Amino acid sequence: MSLIAGFVLLAAAFATALLSGVFGMAGGLVLMGVLALILPVQAAFVTHGVLQLAANGWRALIQRGHIRWAVIGWYGLGSLVAATVVLLLAFSPSRPLLFLCLGLTPLLTWLPGDRMRLDAERPAHAVLAGISVTGLNLTAGVAGPLLDIFFVRTGMTRHAVVATKAATQVLAHLAKTVVYGVGILQMGGQGMPPVWLLALALPLSFAGTAVGARLLDRMSDAGFRRWTRWIVTGIGVAYLVQAARLLLAA
């Protein structure tokens with residue numbers, strides 16, 4: 001990995017953790033795109049999984065008093081099912097397909113979630129969230145906009161939403177790290193950033209998460225939901241443009 005690529009990875013680790021600390025999902029979307037530009041696809045999935053596992057785990061720890069653990073239990077069951085299926089299928093998307101999925105995923109934020117009657121606090125819906133969100137995470141690398149649909153009808157505060165989503169994403173990113181890590185190990189770690197670089201990126205993720213948590217305290221619930229939708233939509237449009245460029249160049 002070049003010096004410039006290493007610097008980009010470190011800067012992205014901090015900035016995207018900060019974004020996720022405020023909005024709960026935008027950071028992971030940006031980080032996946034950055035990694036897909038500088039790393040092979042499978043290595044990007046594993047690196048993203050490791051960094052987001054750390055960032056979401058730290059965010060969940062910071063906000064642990066707000067986590068709804070009943071939701072996490074049922075979600076985890078669905079997540080295990082999805083991870084097992086994808087592992088057995090040995091699926092790995094191409095770079096153009098990855099950016100296409102990354103670009104389309106934010107459109108889910110515009111679905112009328114309040115009319116779909118999905119509620120993460122209901123056990124069956126939490127299991128469905130685990131299956132669908134983890135499945136999309138293993139395909140596009142991120143699934144925050146889909147996960148958000150399951151939280152629109154809950155009575156949670158913004159702190160409970162961010163904390164519980166962070167805990168669910170710990171499971172999703174763990175599944176991604178394991179599923180794609182198996183292939184990386186079989187190739188002798190080919191394409192992965194050096195361990196020392198990941199070791200530097202992790203504390204930057206923690207720092208970004210801590211700063212994001214402070215910014216979240218200053219935001220209203222209404223502002224939180226409004227800005228999240230527009231930010232991830234703008235990111236999605238950029239990814240669709242990149243997908244078109246890759247497909248035309250192929």
Side-chain angles (χ1 to χ4, degrees), residues 1-64 95 98-99 101-103 105-106 137-138 140-145 147 162-163 165-181 184 189-217 227-228 231-232 234-236 238-239 242:
M1 175 175 284
S2 69
L3 181 62
I4 294 177
F7 177 79
V8 168
L9 190 154
L10 293 176
F14 174 82
T16 57
L18 187 153
L19 270 177
S20 287
V22 178
F23 299 106
M25 62 178 170
L29 193 64
V30 174
L31 182 60
M32 189 66 214
V34 171
L35 293 176
L37 288 173
I38 63 177
L39 296 173
V41 172
Q42 277 193 308
F45 269 90
V46 175
T47 304
H48 185 270
V50 171
L51 294 178
Q52 286 290 284
L53 181 61
N56 281 278
W58 184 240
R59 185 160 64 253
L61 182 62
I62 291 175
Q63 304 279 359
R64 61 187 178 279
R95 195 182 302 272
L98 174 59
F99 275 102
C101 290
L102 283 171
T105 297
N137 203 304
L138 292 170
V142 293
L147 179 63
V162 169
K165 285 169 63 176
T168 64
Q169 291 297 76
V170 167
L171 298 178
H173 292 301
L174 178 61
K176 181 167 60 183
T177 302
V178 171
V179 169
Y180 288 100
I184 290 292
Q190 183 178 353
M192 285 292 295
V195 175
W196 64 265
L197 186 61
L198 290 177
L200 288 176
L202 290 179
L204 288 174
S205 292
F206 296 154
T209 298
V211 174
R214 289 178 177 269
L215 294 176
L216 179 65
D217 290 335
W227 280 105
T228 297
I231 287 173
V232 298
I235 296 169
Y239 285 153
Q242 178 64 13

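Any value given below was found using the heavy atoms of this structure, including those in side chains, with hydrogens, waters and symmetry copies removed. Keep in mind the model is a prediction, meaning the values are calculated, not measured.
Put simply, the side chain of N56 does not reach to within 4.5 Å of the side chain of K165, judged on heavy atoms. Under the 4.5 Å side-chain criterion, counting only non-hydrogen atoms from C-beta, T16 is not in contact with L29. Proximity of Q52 to Q169: side-chain heavy atoms (C-beta onward) are nowhere separated by under 4.5 Å. The shortest side-chain heavy-atom distance between L39 and P193 falls under the 4.5 Å cut-off. Looking at heavy atoms from C-beta onward, H48 lies in side-chain contact with H173 at the 4.5 angstrom threshold. Looking at F45 and N137, their side chains never come closer than 4.5 Å, going by heavy atoms from C-beta outward.
Considering every non-hydrogen atom in both L202 and A54, the closest pair reads CD2-CB, 3.4 Å. Taking all atoms of both residues into account, the shortest heavy-atom contact from G236 to P106 is CA-CG, 3.6 Å. For I38 against A5, the heavy-atom pair with the smallest separation is CD1-O, 3.8 Å. Across V46 and T177, no two heavy atoms sit closer than the pair O-OG1, 4.2 Å. When all heavy atoms of G191 and P40 are compared, the pair lying nearest together is O-CD, 3.7 Å. Across all their heavy atoms, A140 and T105 have their closest contact at CB-OG1, 4.0 Å.
Note: M32 CE to I235 CD1 = 14.0 Å, rounded to the nearest 0.5 Å. Of the inter-residue distances, the one linking L51 atom CG with T47 atom OG1 reads 6.5 Å to the nearest 0.5 angstrom. Put simply, CZ on F14 and OG on S205 are 10.0 Å apart, with the number rounded to the nearest 0.5 Å.
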Next on the checklist: Show, in sequence, the C-alpha distance, side-chain angles and deciding distance for F206 and I62, and conclude whether the side chain to side chain contact (heavy atoms under 4.5 Å, CB included) test is met.
Outcome noted: CA-CA 10 Å; F206 296 154; I62 291 175; over 6 Å; no
Checklist entry - Does the side chain to side chain contact (heavy atoms under 4.5 Å, CB included) test come out yes or no for V34 and L9, once each step is laid out? => result CA-CA 8 Å; V34 171; L9 190 154; over 6 Å; no
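The backbone N or O of L138 lies less than 3.5 Å from a partner atom in the side chain of Y180, making a donor-acceptor pair.
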